[in-house]
Amino acid sequence: MVAFSPYEILNRKRRGEALEAGEIAGFIDRFTAGEIPDYQMSALLMAIAIQGANSEETLALTRALLASGESWQIAGLFDFIADKHSTGGVGDKVSLVLAPWVAACGVKVGMLSGRGLGHTGGTLDKLDSIPGFRARLTKAEFEQCVEDVGCVIATSTEGIAPADRRLYALRDVTGTVESIPLITASIMSKKLALGASALILDVKMGNGAFCRDLETARALTRSLIEAAAGSETRIEAMITDMSEPLGVACGNANEVSEAFEVLAGRGPADVTELTRAQAARILVLSGRFDESSALRELDEARSSGRALEQGKRWLAAQGADPESVVEGKLPVSRDTVEIRADRGGFISKIDAYGVGMLAIDLGCGRRKQDDVLDHGAGIMLDRKTGDQVRDGDVIARIQIGKRAADRDELRSRMASLIAIGSQPPPPRRLIYETFKQDE
């Protein structure tokens, strides 16, 4: 038998050769066991990011990460339970709205979510800004939360795809976030380990997402669906817009506040529209609604106050004080820098990637694995693309947290990310395409 050689595997992948499923599984097994160091794992991640991986390699990597830990398969515990995942964007707080909104309609939701990667915000980073919120739950606590209040958003336990957790941290700081095979394996290993009845995938497209164009977004969507081959989880996907930030708030605590504004029947129209569309598909997949009745049920749950009350119950079930959110007591910085329009016209473009990178520099995201986040820092987009403005109007605010900052530099940098034109731009298209598993 030929000895296993990480060095030879790295050389072959660097040259663009396809790896065997057994080689990929062996590499992950040895990395998990501590026999392969971080620098060699980082080298393999970079080789895959540069050279790519075929569908067989991607499936093998997904299964290797899945096999590194526990498999919960929660679909067998409930009549129906849905999961949802976004590939990441700027200002994307849809999960925070969707889970309690769907639960308020009598359909259970359970999510294992992650932290931010690169310039994109992480759901768990946002939830960490809520005093007392417990994201790390045992399997029994996860199940109990679903049973008690109908929804839960938690971080993966040490037992769920532990190899992916280590890869996730390495990718965040080695420039290997933007890779279809790595994104696919990371997402689907955790989602298949959770094993919900149905999974809605939100694949972001635009300059604030990994997928900058429709062709790449389609490729990632197909890759994610193919990686679920042989599973019992029913999958649907949407390709959605990330050419500008979603909503008004970009950060952590400020995004939580905005999410609960949406549950209360207020909040930005784009967040409401996108969440409503994805929530409706979950209700339809449950078998209890058709598209029309699903939308009516969602609207009634929000207008009646049931969605907001559901959100409060969910926070309390995971250890937080709901009033700290709904009464504006989250640690959102009050120290702001205003950005004003330098002429009249229409907001024609907001650079989502630039806003995301500025948010990282404010402390909302990480540049290194051990960076401590500033949950109170953030950005507020007081005007969105298409809005008419006058000279001198406030179009954005930067919430300065604990980091020292040059206010003039921040003002100039933020102003450069917002374009003002003389004519209104075309209406924003939030959802480009939808995919189903059998299509």
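No donor-acceptor pair closer than 3.5 Å links the side chain of Q399 to the backbone N or O of M380. At least one donor-acceptor pair under 3.5 Å links the side chain of K93 to the backbone N or O of A249. Side chain of Q144 to main chain of A140: no donor-acceptor pair is present (N/O by atom type, distance under 3.5 Å, no hydrogens or angles). In this structure a side-chain-to-backbone donor-acceptor pair under 3.5 Å is missing from S223 to L220.
Side-chain contact between F31 and L167 is present, with heavy atoms from C-beta onward closer than 4.5 Å. At least one side-chain heavy atom of L330 sits less than 4.5 Å from a side-chain heavy atom of I130. Looking at heavy atoms from C-beta onward, R276 lies in side-chain contact with D299 at the 4.5 angstrom threshold. Contact annotation: the side chain of W314 approaches that of L96 to within less than 4.5 Å [non-hydrogen atoms, C-beta and beyond]. K312 places none of its side-chain heavy atoms less than 4.5 Å from the side chain of L315. Contact of the R281 side chain with the E291 side chain is registered, since non-hydrogen atoms from C-beta on lie closer than 4.5 Å. Taking 4.5 Å as the limit, every side-chain heavy atom of K126 sits out of range of all side-chain heavy atoms of E258. Contact annotation: the side chain of E57 never approaches that of L61 to less than 4.5 Å [non-hydrogen atoms, C-beta and beyond].
Taking the charged nitrogens against the carboxylate oxygens, D202 and K204 do have a contact shorter than 4.0 Å, which makes a salt bridge. Salt-bridge check for K108 with E143: failed, with every basic side-chain N at 4.0 Å or more from each acidic carboxylate O. Using a 4.0 Å cut-off between charged nitrogen and carboxylate oxygen, E23 and R12 count as a salt-bridge pair. Electrostatic pairing of D321 and K329 does not count as a salt bridge here, judged by no charged N lying under 4.0 Å from a carboxylate O.
Distance check: I400 CD1 to L410 CG gives 5.5 Å after rounding to the nearest 0.5 Å. Within the model, atoms CZ of R403 and OG of S333 stand 13.0 Å from one another, a figure rounded to the nearest 0.5 Å. Between T176 atom OG1 and I183 atom CD1 the span is 10.0 Å, to the nearest 0.5 Å. Atom CG of L298 is separated from atom OG1 of T272 by 11.5 Å, given to the nearest 0.5 angstrom. To the nearest 0.5 Å, the span separating CD on E236 from CG on L201 amounts to 10.0 Å.
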Side chain to side chain donor-acceptor pair (under 3.5 Å) between S293 and D290, intermediate numbers included:
CA-CA 5 Å; S293 62; D290 59 19; 2.8 Å; yes
Pair M188, L199 - check side-chain contact (heavy atoms from CB on, under 4.5 Å), show working.
CA-CA 10 Å; M188 297 310 295; L199 169 63; 4.1 Å; yes
Would you sort out whether I398 and L358 count as a side-chain contact (heavy atoms from CB on, under 4.5 Å), showing the intermediate values?
CA-CA 10 Å; I398 297 173; L358 176 55; 4.2 Å; yes
Going through the checks in order, is the salt bridge (charged side-chain N to carboxylate O under 4.0 Å, His left out) test met by R288 and E297?
CA-CA 11 Å; R288 296 175 51 187; E297 182 71 12; over 6 Å; no
Could you go step by step and tell me if K191 and D83 meet the salt bridge (charged side-chain N to carboxylate O under 4.0 Å, His left out) rule?
CA-CA 8 Å; K191 294 305 175 183; D83 189 6; 3.1 Å; yes
CA sep, side-chain torsions, deciding dist, call: L430, T240, side-chain contact (heavy atoms from CB on, under 4.5 Å):
CA-CA 5 Å; L430 275 176; T240 69; 5.9 Å; no
Would you sort out whether I431 and E273 count as a side-chain contact (heavy atoms from CB on, under 4.5 Å), showing the intermediate values?
CA-CA 10 Å; I431 300 173; E273 180 184 341; 5.7 Å; no
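Taking every heavy atom of both residues into account, A99 and C151 meet most closely at O-CB, 3.7 Å. In terms of heavy atoms, A196 sits closest to T233 at O-OG1, 2.8 Å. Considering all non-hydrogen atoms of both residues, C364 and N252 come closest at O-ND2, 3.1 Å. Scanning all heavy atoms of the two residues, the minimum distance from S186 to L65 falls at N-CD1, 4.3 Å. Residue A18 comes nearest to N54 through the heavy atom pair CB-ND2, 3.7 Å, listed as atom of the first residue, atom of the second, then distance. Minimum heavy-atom separation, Q318 to I153: NE2-O, 3.0 Å.
Between the side chains of D92 and S86, at least one donor N or O sits under 3.5 Å from an acceptor N or O. Between S243 and D241, the side chains place a donor N or O and an acceptor N or O closer than 3.5 Å (distance only, hydrogens not considered). Side-chain contact, E226 with S55: no donor N or O sits under 3.5 Å from an acceptor N or O.
The list of ring-ring contact (aromatic ring centres under 6.0 Å, His included) pairs with a residue in residues 43-101, not counting sequence neighbours, reads W72-F142.
Heavy atoms of other residues, nucleotides or ligands lying less than 6.0 angstrom from CD of E433 number more than 12. Atom CG of D79 is surrounded by 12 or fewer heavy atoms from other residues, nucleotides or ligands within 6.0 Å. Annotation for K384: atom NZ counts as buried by contact number, over 12 foreign heavy atoms lying within 6.0 Å. The 12-atom threshold is exceeded at CD of E300, counting heavy atoms of other residues, nucleotides or ligands nearer than 6.0 Å.
The side chain to side chain contact (heavy atoms under 4.5 Å, CB included) search around R313 returns V149, Q310, not counting sequence neighbours.
Checking L182, T87, D164, L192 one by one against I187, the side-chain contact (heavy atoms from CB on, under 4.5 Å) holds for a single residue, T87.
Taking the centre and axis of the six-membered ring of F289, the NZ or CZ atom of R296 falls outside the cone set by 45° and 6.0 Å.
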